[in-house]
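Every heavy atom of this structure was used, including side-chain atoms; hydrogens, water molecules and symmetry mates were not.
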Amino acid sequence: MADTVKEMKDLAQTLNHAAKVYYQGQDEVMSNFEYDRLYDRLVQLEKETGVILAGSPTQKVGYEVLGELPKERHQSQMLSLDKTKEVGQLIEWLDGKEGLLSWKMDGLTVVLTYENGELVKAVTRGNGQVGEVITNNARVFQNIPLAIPHKGRVVLRGEAVIPYSEFERINRELPEEEQYKNPRNLCSGSVRQLNNEITAKRHVNFFAFALVTAEGADFENSQEKKSLFLMEQGFDVVEYRRVNAENIADTVAWFSDKISSNDFPSDGLVLLYDDIVYGESLGATAKFPRNAIAFKWADEIAETTLKEVEWSASRTGLINPVAVFEPVELEGTTVSRASVHNVSIVKQLALGIGDTIQVYKANMIIPQIADNLTRSGTVRPAEICPVCKEPTKIHDENGVEVLFCENKQCLAKKLKAVSLFVSRDAMNIDGMSEATIEKFMDKGMLHQLGDLFRIERYREEIVTMEGFGEKSYERLLAAVNEAKHTTASRLLYSLGIPNVGPSNARMICKAFGQDFDRIRHATEEELIEIDGIGGVIAESVVSFFAEDENKRMIDDLLSVVVLEKENTEDGNSMDGIQFVITGSVNHFANRNEVKELIESRGGKVTGSVTGKTDYLINNDSMSNSSKNKKAKELNIPILTEEEFIEKFQL
């Protein structure tokens with residue numbers, strides 16, 4: 001018994017630490033698969049022994065609230081859901097009744113309260129009993145109605161989520177050490193910001209999934225009528241299907257088929273009894289309500305052989321382990337690589353070359369290692385950087401071991417920095433791939449960023465390099481010469497200053513009249529005065545330009561590039577005009593490209609239709625979406641892409 005209790009204590013400590021990192025940090029210490037396995041083991045031991053330890057994760061709902069946001073106790077405890085991976089158990093659970101099957105979205109649960117038709121409060125789930133008040137931030141979510149037609153008190157729950165496309169965009173703009181591991185972590189950090197300007201830029205979406213209270217409304221004992229009521233109030237409701245014992249298996253398969261094309265992260269499904277009275281009559285356990293159950297897809301697991309662990313260096317010095325294994329088919333695609341995230345997970349899995357490992361796709365999308373059947377434990381962290389061959393060092397970051405190269409002159413750091421510099425949103429040097437940059441560095445042609453504009457010195461050497469010839473060299477030289485003529489905002493973004501993305505760079509340059517000399521000597525106070533620029537960004541900019549090495553690099557760059565004014569052709573055609581963009585686009589790569597175009601011409605893009613909105617851009621102008629309804633109520637013009645392009649002569 002003593003050994004069993006010790007195992008339970010160890011499991012509880014491991015799971016609580018993993019949950020803390022997952023819910024409040026940016027890293028991961030174990031896969032979802034491993035967490036579920038350990039959690040199920042703890043549940044089994046608790047049942048066998050009848051012992052439940054204080055602080056057991058089986059008794060917690062979420063994690064303790066941290067931070068400086070105001071805290072508030074929920075009127076009723078927000079419980080988790082019991083779960084199953086068997087469709088047969090869903091049928092048995094329904095017991096011949098009707099239910100609603102919907103996505104279990106992977107974000108942050110938020111409770112909204114409306115009084116007299118106005119949003120008065122938004123509170124995070126927190127630990128299920130106490131949450132953080134984020135009303136200011138909720139007001140800038142992409143699709144939350146600030147006012148609703150129902151005037152009685154309304155309380156509802158929903159999931160704040162960030163789509164994969166937005167997650168990838170934001171990570172591209174962050175230094176590697178600050179990047180988020182998944183959309184859920186990004187959403188948690190975005191929703192709980194002290195400055196809601198940052199929240200607004202993260203494009204947080206809200207999907208309602210439960211109506212708690214609606215004074216004066218009658219739902220005729222139907223959960224579905226609650227969902228329809230929420231839609232009538234202008235909320236986007238989590239997509240659902242009505243099910244019974246006969247069609248639930250096909251409906252689960254229907255949801256499964258949509259996962260690969262779904263832009264919003266989900267980690268399963270939720271089944272809820274439609275009969276409100278019956279569901280409530282079942283009561284709840286200490287942790288789970290009995291009127292709903294979660295379904296998680298049984299992960300398709302394949303066995304394969306670990307061939308090697310690559311140690312991939314970044315421009316920040318972080319060296320990430322990547323497992324390379326014999327290719328296997330998973331969820332309809334061939335996979336042969338999976339990130340292992342950090343040294344802690346390498347040790348936890350006891351990886352060794354030649355080991356038999358089990359791999360799966362987390363949420364049917366991201367390749368992960370589920371388990372190591374051999375556990376030889378022979379893989380050791382790289383002792384030298386794979387790029388510069390200088391010694392590495394393990395850092396402890398909040399209990400997670402990560403590997404770093406501390407050599408400031410490491411080629412990997414320079415390589416990644418140059419790759420950002422030449423990228424499309426930066427200096428846009430077409431044809432300057434990472435492989436080409438690496439070749440030029442190996443040959444000693446690139447020592448600093450300004451050397452990119454001096455490659456004509458090495459013409460004879462370049463045309464004889466593998467993969468090059470006279471035509472390739474001429475094309476690259478033409479791209480370099482074209483990139484010499486750039487704008488202050490492109491140059492500012494290209495420098496890789498932490499927290500400064502393309503849109504922030506444009507804001508800063510516009511505020512300083514495109515004067516780069518003023519920008520590089522700006523104070524934090526001057527930068528904070530710019531609408532949309534907070535203290536973190538201001539500090540990053542000032543710190544970057546204060547370093548002597550960066551000063552020399554900027555002086556050199558300004559000696560070879562020509563800064564031109566931003567394109568002013570029709571440049572003010574959108575000055576002061578406020579847009580909202582919704583739905584899919586056909587003439588642009590994505591909605592973010594439309595947003596960038598509008599901002600470059602002086603316009604502004606927001607997430608919600610209000611009295612300040614001038615135009616709503618939506619190709620489906622006849623849809624009954626909440627944004628269309630609001631625009632029509634306020635007599636705001638709804639433009640299709642074609643009408644938008646024609647009106648502003650794009």
Side-chain angles (χ1 to χ4, degrees), residues 72-79 81 97-105 107-126 128-129 131 133-135 137-139 141-161 191 204-242 270-284 289-292 608-610 624-630 632-634:
E72 182 172 300
R73 183 169 293 276
H74 297 297
Q75 289 185 350
S76 59
Q77 185 177 7
M78 299 179 65
L79 302 174
L81 293 177
K97 296 180 171 54
E98 297 270 309
L100 304 178
L101 190 65
S102 63
W103 293 112
K104 185 176 182 293
M105 305 197 90
L108 192 72
T109 301
V110 175
V111 184
L112 302 181
T113 301
Y114 289 77
E115 293 184 2
N116 297 319
E118 300 291 329
L119 175 65
V120 295
K121 188 165 54 182
V123 184
T124 66
R125 179 190 194 205
Q129 295 179 325
V133 180
I134 56 154
T135 313
N137 295 340
R139 291 182 185 279
F141 286 2
Q142 289 285 286
N143 58 339
I144 280 185
L146 300 180
I148 60 176
H150 189 80
K151 301 308 176 188
R153 187 169 187 267
V154 173
V155 180
L156 67 140
R157 297 171 181 171
E159 199 80 354
V161 295
V191 167
V204 178
N205 285 254
F206 178 86
F207 291 91
F209 62 70
L211 177 60
V212 180
T213 302
E215 291 177 350
D218 179 14
F219 304 109
E220 301 173 11
N221 196 36
S222 169
Q223 293 283 5
E224 184 171 22
K225 290 190 183 298
K226 283 188 173 184
S227 293
L228 295 174
F229 170 84
L230 287 170
M231 292 180 192
E232 290 168 359
Q233 304 307 306
F235 293 97
D236 288 334
V237 174
V238 175
E239 185 177 26
Y240 71 89
R241 289 290 183 272
R242 194 175 183 91
V270 173
L271 179 59
L272 171 72
Y273 288 118
D274 183 52
D275 187 322
I276 297 172
V277 173
Y278 175 76
E280 290 179 349
S281 73
L282 299 175
R290 291 195 174 101
N291 69 335
S608 301
V609 177
T610 68
N624 289 319
S625 70
S626 59
K627 288 187 174 69
N628 271 25
K629 286 180 180 178
K630 192 69 175 178
K632 289 171 183 176
E633 287 174 13
L634 298 173

Inter-residue atom distance Met105.CE - Phe207.CZ, 0.5 Å rounding = 5.0 Å

If every non-hydrogen atom of Ile144 is compared with every non-hydrogen atom of Ala138, which pair is closest and at what distance?
-> CD1-O, 3.8 Å

Under 4.5 Å between any side-chain heavy atoms of Val238 and Glu159, yes or no?
-> no

Output a table of donor-acceptor pairs, distance under 3.5 Å, between side-chain atoms of residues 210-221 and any protein atom two or more places apart or on a different chain; print 'none' if there are none.
unit_1 : atom_1 : unit_2 : atom_2 : d
Glu215 : OE1    : Arg153 : N      : 3.2
Asp218 : OD1    : Glu220 : N      : 3.0
Asn221 : OD1    : Ile276 : N      : 3.2
Asn221 : OD1    : Val277 : N      : 2.8
Asn221 : ND2    : Asp275 : OD1    : 2.9

Candidate pair Phe209 and Val270, rule side-chain contact (heavy atoms from CB on, under 4.5 Å), full reasoning | CA-CA 10 Å; Phe209 62 70; Val270 173; over 6 Å; no

Taking all non-hydrogen atoms of both residues into account, name the closest pair between Gln223 and Tyr273 and its distance.
-> CG-O, 3.1 Å

Spacing of CZ belonging to Phe141 relative to CG belonging to Leu112, to within rounding of 0.5 Å | 8.0 Å

For Asp236, check salt bridge (charged side-chain N to carboxylate O under 4.0 Å, His left out) against everything at least two apart and list the hits.
-> none

Can you name the residues that form a side-chain hydrogen bond (donor to acceptor under 3.5 Å, both in side chains) with Lys121, not counting sequence neighbours?
-> Glu72

Spacing of Leu272 atom CG and Lys226 atom NZ [to the nearest 0.5 Å] | 8.5 Å

What distance separates Arg241 CZ from Leu100 CG, expressed to the nearest 0.5 Å?
-> 11.5 Å

Please walk me through it: do Gln233 and Val154 pass side-chain contact (heavy atoms from CB on, under 4.5 Å)?
-> CA-CA 10 Å; Gln233 304 307 306; Val154 173; 6.0 Å; no

Determine the minimum heavy-atom distance between Val237 and Met231, stating which atoms define it.
-> CG2-CG, 3.6 Å

Nearest-0.5 Å distance that lies between atom CZ in Phe206 and atom OG1 in Thr109 = 9.0 Å

N/O donor-acceptor pair under 3.5 Å between Asn137 side chain and Val191 backbone = yes

Given Phe229 and Leu156, is the side-chain contact (heavy atoms from CB on, under 4.5 Å) satisfied, shown in steps?
-> CA-CA 11 Å; Phe229 170 84; Leu156 67 140; over 6 Å; no

Main-chain N/O of Asp274 paired to Glu98 side chain as donor or acceptor, under 3.5 Å | no

Please list, chain by chain and in numerical order, all residues satisfying salt bridge (charged side-chain N to carboxylate O under 4.0 Å, His left out) with Lys104, sequence neighbours excluded.
-> Asp267

Given side-chain contact (heavy atoms from CB on, under 4.5 Å), test Gln142 with Val204 step by step and report yes or no.
-> CA-CA 6 Å; Gln142 289 285 286; Val204 178; 5.8 Å; no

Roughly how far apart are Arg242 CZ and Ser227 OG, rounded to 0.5 Å?
-> 10.5 Å

Is Arg125 reaching over with its side chain to a backbone N or O of Arg157, donor-acceptor style, under 3.5 angstrom?
-> no

Might you point out which heavy atoms bring Pro289 and Leu79 nearest each other, and give the distance in Å?
-> CD-CB, 3.6 Å

Taking every heavy atom of Leu119 against every heavy atom of Pro145, the minimum-distance pair comes out as CB-O, 4.5 Å

Of all residues at least two apart in sequence or in a different chain, which pass the ring-ring contact (aromatic ring centres under 6.0 Å, His included) check with Tyr114?
-> Phe235

State which residues pass side-chain hydrogen bond (donor to acceptor under 3.5 Å, both in side chains) with Asn628; sequence neighbours excluded, sorted by chain then number.
-> Asn618, Ser623

